[in-house]
Amino acid sequence: MPNTSSVAAENPMTKLPGDLAMWVIILAELSVFAILFLVFAVQFSLNEELFKQGQALLDTRAGLIITLALLSASYFVAQAVAFFERNQPKYFALFLLAACASALVYVVVKLAEYNHLVEAGFGLSGNKFFTYYFLITGFHLLHVLLGMGILIFVLFKRRHIGLHGLNTAASYWHMVDLVWLVLFPILYLL
Amino acid sequence: MKFESQSVAKPYFIAAIGLFVGQILFGVILGLQYVMGDFLFPEIPFNVARMVHTNLLIVWLLFGFMGSAYYLIPEESETELHSPKLALLLFWVFLVAGALTIVGYLSVPYATLAKITGNDLLPTMGREFLEMPTITKVGVVIVALGFLYNLGMTFLKGRKTVISSVLMLGLIGLAVMFLFSFYNPENLVRDKFYWWWVVHLWVEGVWELIMGALLAFVLIKTTGVDREVIEKWLYLIIAMALITGIIGTGHHYFWIGTPEYWLVLGSVFSALEPVPFFMMTLFAFNMVNKRRRDHPNKVAVLWAMGTGVMAFLGAGVWGFMHTLSPINYVTHGTQLTAAHGHMAFYGAYVMVVLCMISYTMPLMRGRAAANSNLSQVVEMWSFWLMTVSMVFITLFLTAAGIVQSYLQRMGDSPLPFMVVQEKIEIFYWMREVAGLVFLIGLVVYIVSFFVKGEEATV
Amino acid sequence: MKVSLLIVWVLLLAFTLAGFFIAEKGVMGQRVGWICILLLASAKAQLLCDFFMSLRPVGGYWRLLLGAYGWVVFLLVAVILYV
Amino acid sequence: MNEIFTKSMARNIFYGGSLFFILVFLGLTFHTEKTLPERDHRENITEEVVLGKLVWEENNCIGCHTLLGEGAYFAPELGNVYKRFGNSKEAIKGFIQSRPKEGIPGRRSMPQFDLSDEELDAIAEFLKWTSEINTNDWPPNIQG
């Protein structure tokens, strides 16, 4: 990026929002998901029939709702950070709660989807497509839950952790959201 | 040495080196049995020699960890050890128990040993690496409890640093995971499942905490780099170790009867297990580059950098080589596993313990900072002899493993195991030669302790 | 409230819906929709670093790294699936 | 440097990340335990199989052989030996019984363990049960 300010050009790391330690973790997490997606893609091309059948059974509307919910959650988090910077704690709290509520929509929809599939007789073992489906989405769901935990932690400890900590938490949340945006087309739409 | 009680580490280190010699002698015997099948048969059959080889490794590393901890915790806590007497008592208990066990292995058939020690009451024997009689296992637990109590009291009354906290956490984890060695279900699949909780979660889990803490300690002491910086690295390294390593256990759950999803989980997470080891390499080199002073104990710094590199090669690269399930399908249980095991153990754990010994021994023997230049040069020779020969052992076993996988597992007409073994004999001979060089390196290492001279200065 | 963030959000939602309907309803073929969503993800990866992180330009290295990283993965997936 | 990479953050990631993955691992363990009965055929674990496992352990067979790929690499894989010996327990027993006490000159040889008939039956039964575990199609072929 040639048009960055000269300060950033001198030392790019100083402009990184949040803690560098978190960015190392974000890269690691993205790598895990990237490998999972690659494995999924390889298996897809090896068992095309089976995977297409499995995919047909997924509810794409649920995937859409989740996508919208997560994008909104990210927006709320970003807005909350902005409010924090401008010293408006009330709005900050409100938007962080809104982010959690959006995330909760995801959790509810996902669990309903799981419930539906389990009732239809699919699980972690058995059908290969659903093994991957449950592994990847389940792993992502756990990340969302962890992300919600972090957001709530930040909400209660906002005075203690400050902008630096808040940016760190926000970076993690955006990573979780980003993963879903890749996951959604690969698993549902394709 | 800041505190008198730290010197309790000395007998631990001496015992560790003694047992190390035993381990390597049996390693050489094993290597010879690979090419001369009847060597020492039936007096010391292969299985007995191997048991001695692997169990000695574990026991001497434990001695090394304990000695390191007895040295490190008081220094970090800035207080005397809670009870040096208890530490000495436990030393003798552990040494005698260990020696008796080895004598038991060598003097009576294993089945007899099982009968004598009452294995029928609580069968825990006869599983790889956990062959010791149940009563020895109980002894290990008692020693570990006393050891943790002693260190815990020291830790609690003194200054709490990140390094000492991480070391304590690693040691507690080590003791806790060992408890699973008492759990031996009648169902082989479940037996194997929980057996890995000891083996994998040791060497690819909590031991990495110990290794990280010891390495960080030596680096702080020898480079003078800001503690704050080193501690951040340490946290990040062990975070990566556990994040990848815990689910990484799954790479042992491919073919033992556990569900298919472990093929994916084990592959993905264990593929990332090299990351913490790579960070350790970066860590060691970075800190040495940023050093604020030149420490006269150059050989300790050499060991520290060596362990960073070799751990990454052995555990990281050689582990990654056969950790993906489609590859592991053909390489599982071949000489490739042996290759990985040798270099990983040497690079990660042997070298870090030798690094601690190298740093602390001169201090415990009354020097201000380091041994004489000549002694250090001799020790550096041993470093290169052992390290290079280990690289060659690994390369020869890797070649053997690849050929074995190909002949026995691939192709249209796979050959029987014993036929393949004859075809790869040449690699075993070369490995044996490399093993002898390693033994020479070890002898040189011991000689270095007896080389006198003026203490080295920067 | 930062209006710029609001705009970005609305655009992302609209883009998602558009991509979804293109893919689902077969308006322009599945792959086009799919690529729309992947583009979205890539945009998001970049946004992760600047827009969403308070519109503050981030150092070139990290942005480049993350963007390139995302693209390499997407390309690999696409190559494996369609070649 | 201090501002962009803090020690407390690294510590939080260590504790948080470890706890997270420990919980995931425990969850997976629970699920594995639930699905294992379909794969290990535990209904076939008779008294004899249990005794066989004990005989296996008390003679330290793992010190030379691999079993499902784990163990020493000095002697053949035994997870599928029942099948390799033509689905015959007698062949397994016969092999164990016929090992020469003093070994074979110049070659590797299995020791003579002097097992009783009961123990021989048990170990054969144990190896038969082992060969029936669903191991995701491992080993790749009959040679193990």
Side-chain angles (χ1 to χ4, degrees), chain B residues 33-34 36-38 41-42 45-48 50-51 110-111 114 119-120 123 125-128 131 162 186-190 192-193 228-229 231-232 235-236 238-239 242-243 246-247 249 254-260 263 265 329-330 332-335 337-338 408-410 414-418, chain D residues 1-2 5-7 10-11 13-14 17-18 21-22 24-25 28 31-32 35-36 39-40 42 45 50 53-54 56-64 66-77 101-109 111 113 130 133-136 138-141 143-144:
Chain B
Q33 286 181 334
Y34 256 99
M36 294 167 56
D38 61 345
F41 192 91
F46 181 88
N47 67 327
V48 173
R50 180 179 197 260
M51 195 157 64
Y110 191 71
N119 188 50
D120 292 356
M125 290 172 72
R127 295 176 300 153
E128 199 185 1
E131 293 95 345
V162 173
E186 289 170 346
N187 183 337
L188 181 73
V189 179
R190 297 185 63 241
K192 283 176 175 292
F193 188 88
E228 191 75 8
V229 176
E231 290 181 341
K232 282 182 216 168
Y235 264 134
L236 213 53
I238 58 173
L242 292 192
I243 286 173
I246 292 174
I247 308 286
T249 316
F254 292 164
W255 327 114
I256 62 167
T258 34
E260 275 168 42
L263 295 174
L265 282 175
Y329 186 63
V330 287
H332 182 49
T334 64
Q335 294 297 327
T337 321
Q408 193 183 317
R409 303 262 171 81
M410 294 155 88
L415 298 173
F417 179 89
M418 291 309 292
Chain D
M1 176 80 180
N2 283 345
F5 178 16
T6 60
K7 193 165 84 186
R11 185 194 57 218
I13 287 174
F14 167 64
S18 305
F21 281 98
I22 287 171
V24 173
F25 188 61
L28 287 165
H31 185 272
T32 299
T35 40
L36 271 188
R39 301 174 62 92
D40 60 21
R42 61 188 58 177
I45 303 182
V50 173
K53 182 163 182 277
L54 192 66
W56 167 271
E57 288 166 359
E58 292 195 340
N59 290 285
N60 194 29
C61 306
I62 204 85
C64 291
T66 50
L67 188 66
L68 304 184
E70 294 163 6
Y73 319 112
F74 191 67
E77 161 70 30
K101 262 212 158 22
E102 293 303 314
I104 308 165
R107 293 178 57 85
R108 301 180 197 176
S109 170
F113 288 107
T130 304
I133 297 170
N134 178 354
T135 56
N136 292 334
W138 196 91
N141 62 57
Q143 304 295 1

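Chain naming here is simple, since letters A, B, ... match the order of the sequence lines and numbering starts at 1 in each.
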When heavy-atom pairs shorter than 4.5 Å are enumerated against chain D, which of [options] gives the highest number?
| options | result |
| --- | --- |
| B/T258, B/V162, B/N119 | B/T258 |
| B/L242, B/L265, B/L188, B/V189 | B/L188 |
| B/G126, B/A111, B/P123 | B/G126 |
| B/L236, B/I247, B/N187 | B/N187 |

Could you check which of [options] has the highest count of heavy-atom pairs closer than 4.5 Å to chain B?
| options | value |
| --- | --- |
| D/N60, D/T135, D/I133 | D/N60 |
| D/F74, D/F25, D/F21 | D/F74 |
| D/S18, D/S109, D/G17, D/A72 | D/A72 |
| D/P105, D/G103, D/G69 | D/G69 |
| D/K101, D/E102, D/E77 | D/E102 |
| D/A10, D/P76, D/C61 | D/P76 |

Of the backbone (N, CA, C, O) and the side chain (C-beta and beyond), which part of [X] lies under 4.5 Å from a heavy atom of chain D, both, or neither?
| X | value |
| --- | --- |
| B/P416 | both |
| B/F254 | backbone |
| B/P414 | both |
| B/R50 | side chain |
| B/E260 | both |
| B/L263 | side chain |
| B/M51 | side chain |

Answer yes or no for D/R108 and B/F46: cation-pi contact, defined as NZ/CZ to six-membered ring centre under 6.0 Å and angle to ring axis within 45°.
-> no
From CA spacing to verdict: side-chain contact (heavy atoms from CB on, under 4.5 Å), B/F41, B/M36 = CA-CA 10 Å; B/F41 192 91; B/M36 294 167 56; over 6 Å; no
Can you tell which part of [X] gets under 4.5 Å to a heavy atom of chain B, answering side chain, backbone, both or neither?
| X | result |
| --- | --- |
| D/L54 | side chain |
| D/N134 | backbone |
| D/T32 | both |
| D/T35 | side chain |

Side-chain ([X]) to main-chain ([Y]) donor-acceptor, under 3.5 angstrom:
| X | Y | result |
| --- | --- | --- |
| B/T334 | B/V330 | no |
| D/Q143 | B/F417 | no |
| D/N141 | B/Q408 | yes |
| B/H332 | D/P139 | no |

Which heavy-atom pair separates [X] from [Y] by the least distance, and what is that distance?
| X | Y | answer |
| --- | --- | --- |
| D/E58 | B/D120 | OE2-OD1, 2.9 Å |
| B/N47 | D/N59 | ND2-O, 3.8 Å |
| B/Y110 | B/M125 | OH-CB, 3.3 Å |

Can you list the steps and then say if D/I62 with D/W56 is a side-chain contact (heavy atoms from CB on, under 4.5 Å)?
-> CA-CA 8 Å; D/I62 204 85; D/W56 167 271; 3.9 Å; yes
Spatial distance of atom CG (D/L67) from atom NZ (B/K192) [nearest 0.5 Å] = 5.0 Å
Salt bridge or not for D/K53 and B/E186, using N-O below 4.0 Å?
-> no
side-chain contact (heavy atoms from CB on, under 4.5 Å) between D/R39 and D/N136, intermediate numbers included = CA-CA 10 Å; D/R39 301 174 62 92; D/N136 292 334; 2.7 Å; yes
